[in-house]
Amino acid sequence: MIRPGGTVRELLNQIPGQNATVHGWVKTRRDSKGIHFLHISDGSCFSDLQVVVEEGIVPEEQMRSITTGSSVRVDGELVESPAAGQKVEMKAHSIHLYGTADPVSYPLQKKGHTMEFLREIAHLRPRSNTFGSVFRVRNALAHAIHTFFQNEGFLYVHTPILTASDCEGAGAMFGVTTLDLMNLPREKQSGKIDYSSDFFAKPAFLTVSGQLEAEIFAMAFTNVYTFGPTFRAENSNTPRHLAEFWMIEPEIAFADLKDDMELAERFLKFVINEVMNRCEDDIAFFDKRIDNTVLSTLNNVVSSDFEHVTYTEAVNILEKSDKDWEFPVKWGSDLQSEHERYLTEDVFKKPVIVTDYPKEIKAFYMRANDDGKTVRAMDVLAPRIGEIIGGSQREERLDVLKTRLAEQGLEESAYWWYLDLRRFGTVPHAGFGLGFERLMLYLTGMKNIRDVIPFPRTPGSADF
RNA sequence: UCCUCGCUAGCUCAACGGCAGAGCGUUCGGCUGUUAACCGAAAUGUUGGUGGUUCGAAUCCACCGCGGGGAGCCA
């Protein structure tokens with residue numbers, strides 16, 4: 001394996017004049033009279049290491065088979081580069097060719113490719129500049145998220161991925177079964193599927209949210225967070241939806257919506273700042289080649305205070321605007337994409353937190369306000385991608401929660417343990433959910449969520 | 001799921017009822033301590049699939065498949 005010190009990132013920071021070895025894949029190759037230039041990438045950083053191969057070092061026949069995509073080990077000397085473009089380069093003493101990459105059939109040649117094409121070769125796209133940067137940022141962002149919560153004393157809780165409770169209520173779920181689909185057992189009288197012989201002896205699903213279980217842990221460990229895969233079986237075909245995605249869900253006890261909003265803002269600023277510091281080259285690349293508003297947007301988020309408006313205020317703003325809405329603005333209906341984007345992109349030009357939505361359009365567990373009409377919900381809206389965070393203060397009062405369940409036609413018995421939390425030592429608490437890939441879109445300027453996750457799963461598509 | 005646009009060389013696109021084209025990539029040659037190099041030449045096609053209209057279909061029509069954008073659902 002390549003041990004610390006041997007990566008391209010570290011070699012590029014070495015003082016010239018010493019021998020070194022580099023392992024990696026050839027990204028480009030250029031030939032001059034009596035000299036070859038190889039750019040070697042091992043994924044450790046945005047920059048490649050330029051290897052200079054003088055004539056006679058390697059047999060010309062072997063040199064010809066060292067093409068874009070081939071894998072090599074180069075032993076040589078790190079030297080100061082006489083040309084512009086890099087400070088340090090490697091003068092090759094010998095090259096070992098691990099594997100060739102036939103230039104006629106290797107699809108990832110040195111040219112511009114569309115994201116759609118690269119998505120079709122998801123097994124090779126990590127070697128491209130763009131996806132190298134995407135997945136380094138993804139790694140740094142995941143780490144920053146843990147760093148933030150660990151620094152703040154939050155407990156990382158692993159909520160279940162398989163769940164037999166269909167009460168999560170956040171959308172269509174994938175069923176999980178070991179029953180023979182060609183020969184399903186049926187109940188004699190009703191003809192319904194008999195789940196008693198299924199693995200869990202009842203219908204089971206992939207989780208759509210860890211929130212309810214996170215609340216259990218918040219009622220013991222005070223501040224907790226989840227960070228794991230989430231599944232939605234919705235037939236959503238948009239650049240913002242995946243069937244499998246990663247979600248971050250903090251849950252904080254002894255806290256209200258104000259604390260929740262403050263946490264969300266501090267969280268976003270911290271992780272953006274971390275990634276900007278750690279992946280400076282990658283972010284610079286996104287700003288230059290993918291979306292030239294990335295840097296200014298991120299700087300704007302880190303340095304500005306988020307705007308706060310209530311749902312009612314937002315509706316007033318929208319009603320007063322002279323925009324022609326495709327969907328009418330009306331108190332009581334949910335804000336449409338066009339409304340959210342107008343608020344965050346045109347009116348405030350920075351992230352906006354909208355709070356206190358009508359209770360009819362929000363989930364049963366959100367805390368009821370005294371006005372009897374609204375609940376303590378919050379959505380964080382960000383320019384370009386819309387809703388990035390959805391959260392709320394949770395209803396901690398047993399009687400009110402029971403009423404809300406009934407209003408929404410939900411069965412109390414299915415929520416017995418959730419209600420128990422309100423029976424035994426209930427406290428005000430709050431939390432939010434954040435789509436990891438949505439945040440990735442924000443950080444990278446990438447346009448399609450399928451291009452910020454290694455292997456996207458969407459309706460009709462689960463390749464690789 | 002709905003609306004809309006698209007599917008032609010490895011990739012990105014042109015040709016819009018009458019001989020299948022270009023750029024990039026690739027290959028070969030030239031030039032050059034090169035940097036998304038440059039100059040010259042060459043190879044590469046069942047025009048997404050199945051039917052239909054027509055003397056003749058990449059082009060028009062129908063259905064299917066796949067992809068982009070917008071909407072809904074949502075994170």
Side-chain angles (χ1 to χ4, degrees), chain A residues 27-39 47-55 64 67-69 79-86 89 91 101-121 124 128-129 169-172 208-211 226 229-249 285 288-289 326-327 333-338 340-341 361-363 379-382 385-391 432-442 447-453 458-461 463:
Chain A
K27 194 169 270 175
T28 71
R29 166 187 159 172
R30 289 177 298 277
D31 301 306
S32 271
K33 197 175 195 72
I35 194 168
H36 307 281
F37 297 93
L38 302 176
H39 275 201
S47 304
D48 305 319
L49 177 67
Q50 173 159 280
V51 169
V52 182
V53 189
E54 288 174 1
E55 201 163 15
R64 263 199 297 278
T67 56
T68 299
V79 296
E80 236 175 277
S81 178
Q86 60 281 315
E89 63 187 21
K91 189 176 167 185
D102 175 26
V104 175
S105 51
Y106 184 60
L108 198 65
Q109 288 300 339
K110 187 180 66 177
K111 71 183 290 290
H113 291 294
T114 59
M115 296 303 158
E116 292 78 18
F117 172 68
L118 290 168
R119 208 175 295 147
E120 290 169 9
I121 51 166
L124 298 172
S128 67
N129 281 335
V208 291
S209 168
Q211 181 199 314
T226 74
T230 310
F231 308 88
R232 302 279 166 89
E234 245 112 40
N235 193 5
S236 300
N237 293 287
T238 84
R240 301 180 306 283
H241 289 86
L242 291 165
E244 175 184 290
F245 63 100
W246 288 64
M247 189 154 65
I248 300 108
E249 295 174 291
F285 170 80
K288 189 177 168 192
R289 289 291 176 87
E326 190 184 336
F327 295 91
S333 20
D334 211 354
L335 300 178
Q336 301 292 317
S337 287
E338 56 172 343
E340 294 182 345
R341 293 191 60 157
I361 59 175
K362 288 293 180 185
D379 282 1
V380 180
L381 312 178
I385 56 172
E387 184 182 337
I388 191 170
I389 286 180
F432 61 79
L434 169 104
F436 184 59
E437 286 78 14
R438 294 252 173 109
L439 188 51
M440 279 293 295
L441 290 178
Y442 204 62
K447 300 288 179 295
N448 195 312
I449 201 163
R450 299 166 193 199
D451 300 325
V452 293
I453 189 167
T458 54
S461 171
D463 294 329

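Each chain gets a letter, A, B and so on, in the order the sequences are listed, and its residues count up from 1.
Rounded to an integer number of Å, the gap from A:F231 CZ to B:C73 P is 24 Å. Between A:K27 atom NZ and B:G25 atom C1' there is a gap of 17 Å when expressed in whole angstrom units. What separates CD of A:Q336 from C1' of B:G72 is a distance of 8 Å, to the nearest Å. Per the geometry, CD belonging to A:E387 stands 14 Å off P belonging to B:A71, to the nearest Å. Here the C1' atom of nucleotide B:G70 and the CZ atom of A:R341 are 11 Å apart, to the nearest Å. Atom NZ of A:K111 is separated from atom C1' of B:C24 by 5 Å (rounded to the nearest Å). Rounded to an integer number of Å, the gap from CD of A:Q109 to P of B:G23 is 19 Å. Between A:E338 atom CD and B:C74 atom C1' the separation is 17 Å, expressed in whole Å.
Across the C1' atoms, B:G17 and B:C60 are found 8 Å apart, a figure rounded to whole Å. Atom C1' of B:G25 sits at a distance of 7 Å from the matching atom of B:G10, rounded to the whole Å. Taking atom C1' in both B:C63 and B:G69, the straight-line distance is 24 Å, to the nearest Å. Atom name P, nucleotides B:A37 and B:C24: the rounded distance is 12 Å, in whole Å. Taking atom C1' in both B:U44 and B:G21, the straight-line distance is 13 Å, to the nearest Å. For the C1' atoms, the distance linking B:A62 with B:G18 amounts to 24 Å, nearest Å. Taking the P atom of each, B:A15 and B:A71 are spaced 29 Å apart, rounded to whole Å. Atom name C1', nucleotides B:C7 and B:C64: the rounded distance is 14 Å, in whole Å.
Residue A:T238 places its side chain closer to B:A71 than to any other of B:A71, B:U26, B:U1.
The nearest heavy atom of RNA chain B to A:T458 and to A:I389 marks one nucleotide each, and the one closer to the 5' end goes with A:T458. Nearer the 5' end of RNA chain B, as judged by each residue's closest nucleotide, is the contact made by A:S461, out of A:S461 and A:G390.
Close to B:G70, at under 4.0 Å from its OP1 or OP2, lies no side-chain N or O of A:S337. The side chain of A:N448 places an N or O atom within less than 4.0 Å of a non-bridging phosphate oxygen (OP1 or OP2) of B:G69.
The nearest pair of heavy atoms linking A:Q109 to A:T68 is OE1-CB, 3.8 Å. Nearest heavy atoms, A:S32 versus A:F37: OG-CE1, 4.1 Å.
Residue A:L242 is classed as a base contact, given a heavy-atom separation below 4.0 Å to a base. Looking at heavy-atom distances under 4.0 Å, A:R240 makes contact with a base. Here A:T114 lies in heavy-atom contact (under 4.0 Å) with sugar-phosphate atoms only. Contact annotation for A:F327: backbone-only contact, meaning every heavy-atom pair under 4.0 Å involves sugar-phosphate atoms and none involves a base. Among the atoms of the strands shown, none is found under 4.0 Å from any heavy atom of A:P459. Nucleic acid contact for A:F117: sugar-phosphate only, since backbone atoms but no base atoms lie under 4.0 Å from a heavy atom of the residue.
A heavy-atom distance below 4.5 Å is not found between the side chains of A:F231 and A:V208. Inter-residue side-chain proximity for A:Q336 and A:E326 is flagged as unmet; no heavy-atom pair is nearer than 4.5 Å. For the pair A:M115/A:N448, no side-chain contact is recorded, criterion being any heavy-atom separation below 4.5 Å from C-beta on. You'll find the side chain of A:F436 stays beyond 4.5 Å of the side chain of A:I453, heavy atoms only.
Screening A:K27, A:E89, A:Q50 for a side-chain hydrogen bond (donor to acceptor under 3.5 Å, both in side chains) involving A:H39 leaves a single residue, A:Q50.
Within the structure, salt bridge (charged side-chain N to carboxylate O under 4.0 Å, His left out) pairs that include any residue of residues 239-249 of chain A do not occur (at least two apart or interchain). Identified under the salt bridge (charged side-chain N to carboxylate O under 4.0 Å, His left out) test for residues 107-121 of chain A, with sequence neighbours left out: A:R119-A:D451.
Side-chain atoms of A:H113 and base atoms of B:C11 include no donor and acceptor less than 3.5 Å apart. Below the 3.5 angstrom threshold, one finds a donor paired with an acceptor across the side chain of A:S236 and the base of B:C73.
Atom CD1 of A:I361 and atom CG of A:D334 lie 4.0 Å apart (nearest 0.5 Å).
Partners of A:R450 by salt bridge (charged side-chain N to carboxylate O under 4.0 Å, His left out), not counting sequence neighbours: none found. Residues satisfying the side-chain contact (heavy atoms from CB on, under 4.5 Å) test with A:D102, not counting sequence neighbours, are A:V104, A:S105.
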What pattern of brackets, bars and dots sums up RNA chain B from 5' to 3', given Watson-Crick or G-U wobble pairs under 3.5 Å, [ ] for crossing pairs and | for another strand? (((((((..((((....[..)))).(((((.......))))).....(((((..]....))))))))))))....

With sugar-phosphate taken as primed atoms, P, OP1 and OP2 and all else as base, the protein-contact string of nucleotides 33-50 of chain B at under 4.0 Å (heavy atoms; B, S, -) is BBBBS-------------

